[in-house]
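One structure below.
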Amino acid sequence: MTNSNFIDSCTGQYEQMISQFLSHEYAVVDGFLPENIVLGLRQNLLAFNQAGLMYPAGVGKDFDFKRNATIRGDKIRWIESDTKDVFEDYLLQKILGFITYLNRSCFAGLRSFEFHYALYTQNSFYKRHKDQFKNDKGRQFSLVIYLNREWDVEDGGILSLYPDSGEVRIKLLMGRAVFFKSDQTEHEVHPALRKSRLSIAGWLKN
């Protein structure tokens with residue numbers, strides 16, 4: 001599917017995302033990706049983890065980068081822009097379509113993006129933070145997509161956002177996408193209590 005076809009077929013979702021964001025400082029859109037794509041990405045993540053190809057995430061960038069398990073405990077694997085995987089390719093084309101639409105309709109000035117798989121094993125978490133680095137202001141918007149098939153509140157792993165209106169807790173639902181401003185909205189991932197939490201996380205950049 002070409003970029004223009006993605007925009008044509010997903011305009012409703014893109015508009016929903018933008019409208020919610022302008023009203024609430026964040027957006028939550030269910031079914032952002034087709035179920036077969038979500039399941040394919042989920043299987044990719046599980047296979048990478050099984051093969052030992054998911055790595056502990058760190059805090060900071062470049063010379064400031066460090067691993068600190070008291071702040072975050074997730075494991076990640078970056079998705080390459082030239083991927084040959086059909087599920088990853090669909091995801092990246094959908095994101096590219098969203099960027100094109102944002103630039104066209106909101107003059108967002110976005111130029112690139114980066115996304116990775118994220119695995120929170122039992123008892124792992126990510127404390128309250130913003131997504132923009134002190135030495136790199138490129139990240140403009142954050143986007144998270146849930147990959148868990150079944151998830152109860154008792155399983156933990158809830159995402160909390162902290163917009164000006166107060167804390168918002170967003171439940172995990174397969175295929176749900178959460179969108180917010182990287183440099184403004186603090187957020188945290190609460191500990192996964194009973195099973196691993198699976199997601200895609202990434203940033204739209206200028």
- Task: Please name the pair of heavy atoms, one in Ala177 and one in Met17, separated by the smallest distance, quoted to 0.1 Å.
- Result: CB-CE, 4.4 Å
- Message: Atom CD of residue position Glu154 - does it have more than 12 heavy atoms of other residues, nucleotides or ligands inside 6.0 Å?
- Response: yes
- Query: Linking I/L/V/M/F/W/Y whenever their side-chain heavy atoms sit closer than 4.5 Å, directly or via other members, would Leu193 and Ile158 fall into one cluster?
  - Reply: no
- Mark yes or no for whether Gln20, through its side chain, and Val28, through its backbone, hold a donor-acceptor pair below 3.5 Å. yes
- Task: Return yes if a side-chain donor-acceptor contact under 3.5 Å exists between Gln184 and Tyr162, otherwise no.
- Result: no
- Message: Using 30° and 60° as the class boundaries, would you call the ring planes of Phe21 and Phe141 parallel, tilted or perpendicular?
- Response: perpendicular
- Query: So, do Trp151 and Lys195 sit near enough that their side-chain heavy atoms are less than 4.5 Å apart?
  - Reply: yes
- Task: Check whether more than 12 heavy atoms from other residues, nucleotides or ligands sit under 6.0 Å from atom CZ of Arg149, and answer yes or no.
- Result: no
- Message: Let's go through Tyr26 and Thr185 carefully: what are the C-alpha distance in whole Å and the side-chain angles of both, what is the deciding distance for side-chain contact (heavy atoms from CB on, under 4.5 Å) to 0.1 Å, and is it a yes or a no?
- Response: CA-CA 8 Å; Tyr26 66 92; Thr185 304; 5.7 Å; no
- Message: Can you confirm whether His116 sits close enough to Ile200 that some side-chain heavy atom of one is under 4.5 Å from a side-chain heavy atom of the other?
- Response: no
- Output, in order, the C-alpha distance, side-chain angles, deciding distance and verdict of side-chain contact (heavy atoms from CB on, under 4.5 Å) for Asp183 and Lys181. CA-CA 6 Å; Asp183 62 342; Lys181 198 76 167 65; 3.1 Å; yes
- Task: Look at the side-chain heavy atoms of Ile, Leu, Val, Met, Phe, Trp and Tyr, link any pair under 4.5 Å apart, and say whether Tyr14 and Leu22 land in one connected group.
- Result: yes
- Side-chain (Lys75) to main-chain (Gly73) donor-acceptor, under 3.5 angstrom: no
- Arg77 charged N/C atom sitting above Tyr117 aromatic ring, 6.0 Å / 45°: no
- Taking all atoms of both residues into account, what is the closest heavy-atom pair of Val178 and Ile170, and its distance? CG1-CD1, 3.6 Å
- Task: State plainly whether the residues Glu186 and Lys130 are in salt-bridge range, i.e. N to O under 4.0 Å.
- Result: no
- Shared hydrophobic cluster, Val153 / Val189 (ILVMFWY, side-chain heavy atoms < 4.5 Å): no
- Query: Going by atom types alone, do Tyr126 and Asp74 pair a side-chain donor with an acceptor below 3.5 Å?
  - Reply: no
- Task: Write down the atom of Arg197, the atom of Leu172, and the distance for their closest heavy-atom approach.
- Result: CG-CD2, 3.6 Å
- Does any N or O in the side chain of Gln122 come within less than 3.5 Å of the main-chain N or O of Pro191, such that one atom is a donor and the other an acceptor? no
- Message: Quick check: do Leu159 and Glu188 have side-chain heavy atoms less than 4.5 Å from each other?
- Response: no
- Message: So, taking the atom named CD1 in Ile76 and the one named CZ in Phe115, what distance separates them when rounded to the nearest 0.5 Å?
- Response: 13.0 Å
- Message: Would Asp131 and Ser142 count as a side chain to side chain donor-acceptor pair (under 3.5 Å) here? Give the steps.
- Response: CA-CA 7 Å; Asp131 276 348; Ser142 301; 2.6 Å; yes
- Message: So, taking the atom named CD1 in Ile37 and the one named CD in Gln93, what distance separates them when rounded to the nearest 0.5 Å?
- Response: 11.5 Å
- Note on the structure: Which of Leu143, Val29, Val144 passes side chain to side chain contact (heavy atoms under 4.5 Å, CB included) with Phe179? It is Leu143
- Query: How long is the span from the CG atom in Leu91 to the CD1 atom in Ile95, to the nearest 0.5 Å?
  - Reply: 5.0 Å
- Item | Exceeds 12 heavy-atom contacts within 6.0 angstrom, atom CD of Glu35 | no
- Message: If the threshold is 4.0 Å, N to carboxylate O, is there a salt bridge linking Glu114 and Lys205?
- Response: yes
- Any side-chain heavy atom of Leu102 sitting closer than 4.5 Å to one from Arg104? no
- Message: Tell me the closest heavy-atom pair linking His187 and Leu161, and the distance in Å.
- Response: CB-CD2, 3.6 Å
- Message: Taking the side chain as everything from C-beta on, heavy atoms only, tell me whether Arg176 gets closer than 4.5 Å to Lys171.
- Response: yes
- Item | Considering all heavy atoms, the nearest Ser160-His190 contact | OG-NE2, 2.7 Å
- Task: For Trp203 and Trp78, work out which heavy atoms get closest and say how close.
- Result: CZ3-CH2, 3.7 Å
- Go through the side-chain N and O atoms of Ser182 and Gln140 and say whether any donor and acceptor fall under 3.5 Å apart. no
- Query: Taking atom types as modelled and ignoring hydrogens, do the side chains of Thr121 and Ser196 form a donor-acceptor contact shorter than 3.5 angstrom?
  - Reply: no
- Close side-chain approach of Tyr146 and Met174, heavy atoms under 4.5 Å: no
- Query: Between CD1 of Ile145 and CG of Leu173, what distance do you get to the nearest 0.5 Å?
  - Reply: 13.0 Å
- Query: Does some side-chain heavy atom of Lys127 sit less than 4.5 Å from a side-chain heavy atom of Arg72?
  - Reply: no
- Message: Using only atom types and a distance under 3.5 Å, with no angle test, would you say the side chain of Ser19 pairs donor to acceptor with the backbone of Glu15?
- Response: no
- Item | Distance, nearest 0.5 Å, that separates OH of Tyr90 from CZ of Phe87 | 12.0 Å
- Query: Got a second to check how far Tyr120's OH is from Leu198's CG, nearest 0.5 Å?
  - Reply: 11.5 Å
- SB check Asp155 Arg194 (cutoff 4.0 Å): yes
- Query: Cation over ring, Lys94 on Phe32, under 6.0 Å and within 45°?
  - Reply: yes
- Ser199 side chain to Ala201 backbone, donor-acceptor under 3.5 Å: no
